[in-house]
Number of protein chains: 2
Amino acid sequence: MMHANKRKKVEENGWKVGNADDFLGLTPEESAYIEMKLALSHSLKENRRKKDLSQVELAKLIKSSQSRVAKMEAGDPGVSIDLLMRALLALGASSEEVGKVISSGKPQAA
Amino acid sequence: MMHANKRKKVEENGWKVGNADDFLGLTPEESAYIEMKLALSHSLKENRRKKDLSQVELAKLIKSSQSRVAKMEAGDPGVSIDLLMRALLALGASSEEVGKVISSGKPQAA
DNA sequence: CGAGTATATGTCATATTCGACATGATGCCA
DNA sequence: TGGCATCATGTCGAATATGACATATACTCG
């Protein structure tokens with residue numbers, strides 16, 4: 001379950017974590033995992049804006065709440081990748097697009 | 001949260017779901033999500049075998065249990081994508097590889 | 001036929017994640 | 001200045017995922 005200790009530490013800091021594998025002694029796996037999440041967050045925000053939706057509207061669309069959408073986009077540690085991916089798919093993203101976002105770590109407009 | 005109803009139905013059937021978007025009236029998003037999970041499951045099994053690890057060994061590696069590894073590989077509905085991705089990363093897969101698996105839905109050796 | 005190894009399946013207590021709600025903060029326009 | 005819309009943050013009970021364990025099913029190799 002991801003070492004609990006480091007996880008704790010990371011969560012306390014909210015992992016602003018620019019986008020790096022730097023920072024505290026995260027294993028490469030942990031870093032990769034976090035970067036994937038951040039990339040998905042970023043992409044979610046972009047896709048939502050591109051569609052001119054408010055967080056409230058997106059929340060309705062995915063049957064969630066505005067606060068959770070905000071947390072998703074903020075890369076909140078309490079949000080799962082499952083949820084982020086489902087939100088992206090609900091916004092119309094394809095598997096290919098989601099895959100690209102995960103691969104790259106980073107933006108990915110579409 | 002994925003409509004609960006359909007989800008129920010799918011879970012009851014354990015979604016053997018060959019690998020298709022066929023089956024019951026799943027929305028495209030739901031299908032895509034399920035296929036991603038199955039693709040990751042499949043990839044996990046392949047990667048583990050390629051390294052000649054038993055489920056017990058992999059379980060130790062990712063600090064989980066043999067039974068959960070079996071469920072991951074079986075595409076059990078009670079296993080999250082988060083866990084599948086972490087397992088793949090722990091096996092040494094790169095973000096790019098994980099992204100490819102998710103994009104394609106399907107094998108993806110490496 | 002055992003015994004050993006690998007994988008599958010079911011259950012359970014605990015941990016994590018969820019949606020919802022309240023509330024704060026910011027920006028904008030009249 | 002005061003609404004008004006948007007996004008952020010904190011908390012909470014309910015829902016879901018987790019690791020561990022027991023146990024069942026193969027599939028070898030003597």
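Lettering follows sequence order; numbering is per chain, from 1. All figures in this text were calculated on a predicted structure; none of them were measured in a lab.
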Please report, rounded to the nearest Å, how far the [atom2] atom of [N] is from the [atom1] atom of [X].
X: A:Leu58; N: C:dA20; atom1: CG; atom2: P; result: 13 Å
X: A:Asp76; N: D:dG10; atom1: CG; atom2: P; result: 9 Å
X: B:Asp82; N: D:dG19; atom1: CG; atom2: C1'; result: 16 Å
X: B:Lys37; N: D:dT16; atom1: NZ; atom2: C1'; result: 10 Å
X: A:Lys51; N: D:dT6; atom1: NZ; atom2: P; result: 18 Å
X: B:Gln55; N: D:dA20; atom1: CD; atom2: C1'; result: 15 Å
X: B:Arg68; N: D:dT23; atom1: CZ; atom2: P; result: 19 Å
X: A:Lys60; N: C:dC21; atom1: NZ; atom2: C1'; result: 16 Å

Per the atom types in the model, does the base of [N] pair as donor or acceptor with the side chain of [X] at under 3.5 Å?
X: A:Lys45; N: D:dT6; value: no
X: B:Lys71; N: D:dG19; value: no
X: A:Ser65; N: C:dC21; value: no
X: B:Gln66; N: C:dA6; value: no

With a cut-off of less than 4.0 Å, is there a side-chain N or O of [X] near OP1 or OP2 of [N]?
X: B:Ser64; N: D:dG19; answer: yes
X: A:Ser80; N: C:dC18; answer: yes
X: A:Arg86; N: C:dT17; answer: no

Closest listed nucleotide, where the reference is the side chain of A:Ala70 and the choices are D:dT9, C:dA8, C:dG19:
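From the listed options, D:dT9 comes nearest.
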Quick one: list whatever passes side-chain contact (heavy atoms from CB on, under 4.5 Å) with A:Ala90, sequence neighbours left out.
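If we apply the side-chain contact (heavy atoms from CB on, under 4.5 Å) test to A:Ala90, skipping adjacent residues, the hits are A:Ile62.
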For A:Ser80, enumerate each residue passing the side-chain contact (heavy atoms from CB on, under 4.5 Å) test, keeping only those at least two apart in sequence or located in another chain.
A:Asp82, A:Leu83, B:Asp82
Interatomic spacing from CE in A:Met36 to OG in A:Ser41 - rounded to 0.5 Å
13.5 Å
CD1 of A:Ile81 to CG of A:Leu88: how many Å apart, nearest 0.5 Å?
11.0 Å
Heavy atoms only, 4.0 Å cut-off, all strands: where does B:Val69 land among base, sugar-phosphate and nothing?
nothing
Using a cut-off of 4.0 Å on non-hydrogen atoms, how would the nucleic acid contact of B:Arg48 be classed: base, sugar-phosphate, or nothing?
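Here B:Arg48 touches the backbone only, sparing every base.
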Using salt bridge (Lys or Arg N to Asp or Glu O under 4.0 Å), reason through B:Arg48 and B:Glu73 one step at a time and then give a plain yes or no.
CA-CA 10 Å; B:Arg48 175 177 65 81; B:Glu73 293 185 351; 2.6 Å; yes
Judged by each residue's nearest nucleotide on DNA chain C, which is more toward the 5′ side, B:Val56 or A:Met72?
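Mapping each residue to its closest nucleotide by heavy atoms, the 5'-most match is B:Val56.
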Per nearest nucleotide of DNA chain D, the residue lying toward the 5' end, B:Ser67 or B:Leu84, is B:Leu84
